[in-house]
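What follows is a set of notes on a single structure, which appears directly below.
All figures in this text were calculated on a predicted structure; none of them were measured in a lab. Counting starts at 1 for both ligands and their atoms, in listed order.
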Amino acid sequence: MVLYNKYPSVLLIYTGGTIGMIENSETGALENFNFDHLLKHVPELKRFNYRISSYQFNPPIDSSDMEPSYWAKLVKIINYNYDSFDGFVILHGTDTMAYTASALSFMLENLAKPVILTGSQLPIGVLRTDGKENLITAIEIAAAKHPDGTPIVPEVCIFFENLLMRGNRTTKINAENFNAFRSHNYPALAHVGIHIKYEPHLIHKPDPEKVFKPHYLFDTNVVILSLFPGIQENVVSSILHAPNLKAVVLRTFGSGNAPQKEWFINLLKDATDRGIIIVNITQCSSGAVEMERYETGYHLLEAGVISGYDSTPESAVTKLMFLLGHGLSNQEIRYRMNRSLVGEITKRER
Ligand code: ASP
């Protein structure tokens, strides 16, 4: 549905989630609203001189039901419309938004246009909603260009409340507060107040020589295993022997430390010997894994565990699913996990 014919142009994709809900005036229940009626609910959009088109998932999904097949669908929509729009805004439930943002950052290789995810804590049809501001600002960011016509933010981001963040660095940190997302290990790409203050030196600069390439494949034979004092051998063993398991995101303590018990290290070693990739990330919100720092971390290195550096769990697990989905060898996946593909980890390239 085309709302305007003037440039710049933004494609709005509604996947579901709280933002797209309105209160049924008769029953009081929250229902998904039809995006064909977007202008009725967000008349402020008329004040943009933008061409805004919309696409709606049918039916819209709660983001707890998000799946790689929906990520592929999003990539298909973006790829199909890539040349026709200046930017893309994806409205998404907040619960798994950071997973989707991470996945899309890997799937949209050589992306040179903004893909901005946003949502809200209160439905757009509720008086005190945060949805309108999030939506309006996300659209403005998706359409923003430098004087030479190139986009200001040509990467996958999450915009929420007042922060524009690199998508694969974000985590949902609050189930109630309007300020619900953080990028702990990479600074915000823009702060939004009276002005939108972009940080150009932090924003990815696409290589104009490289052609946009969409990817669709994932292998979901992965697990996130979070350690805790008292974790039992039979539990760890049954996870590491799960049929078809190919990779583990191991959430360790502090700077990448884990129990030194023999059974634990032996189980990890046996798993890596069987070709299972184990990536070490920290349970702390900020900071990176340094397995060389303490003996407890060193044992993990010796067991064949690789570092996830300062990766979020969302980014580590989607990166593994993405790499596994492309049929790469164990060695190639370990090599790529050790590198930043799209700014998802802080690591100097050698
Ligand atoms: N459960 C909703 C979802 O993630 C919550 C939200 O939209 O904020 O889809």
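- Remark: ligand 1 atoms within the under-4.0 Å shell around heavy atoms of G17 are 7 (O), 9 (O).
- For the pair E344 and R169, the salt-bridge criterion is not met [side-chain N within less than 4.0 Å of a carboxylate O].
- Across G297 and N257, no two heavy atoms sit closer than the pair N-OD1, 3.5 Å.
- The protein atom (non-hydrogen) at minimum distance from atom 5 (C) of ligand 1 is T18 OG1, 3.4 Å.
- Looking at D130, its side chain never comes within 3.5 Å of a backbone N or O of F178 through a donor-acceptor pair.
- Closest to atom 8 (O) of ligand 1 among all protein heavy atoms lies T94 OG1, 2.4 Å.
- Between K113 and D86 there is no salt bridge, since no side-chain nitrogen of the basic residue lies less than 4.0 Å from a carboxylate oxygen of the acidic one.
- For the side-chain contact (heavy atoms from CB on, under 4.5 Å) criterion with Y70, the lone passing option out of I61, T96, V75 is I61.
- Below 3.5 Å of separation, one finds no N or O of H92 facing any N or O of ligand 1.
- The nearest heavy-atom contact from the protein to atom 4 (O) of ligand 1 is S63 OG, 2.5 Å.
- Every atom of ligand 1 with a heavy atom of S120 under 4.0 Å away is listed here by number and element: 8 (O).
- The shell of residues lying under 4.0 angstrom from ligand 1, judged by heavy atoms, excludes A180.
- Using a 30° and 60° split on the angle between ring planes, H215 and F322 fall in the perpendicular class, above 60°.
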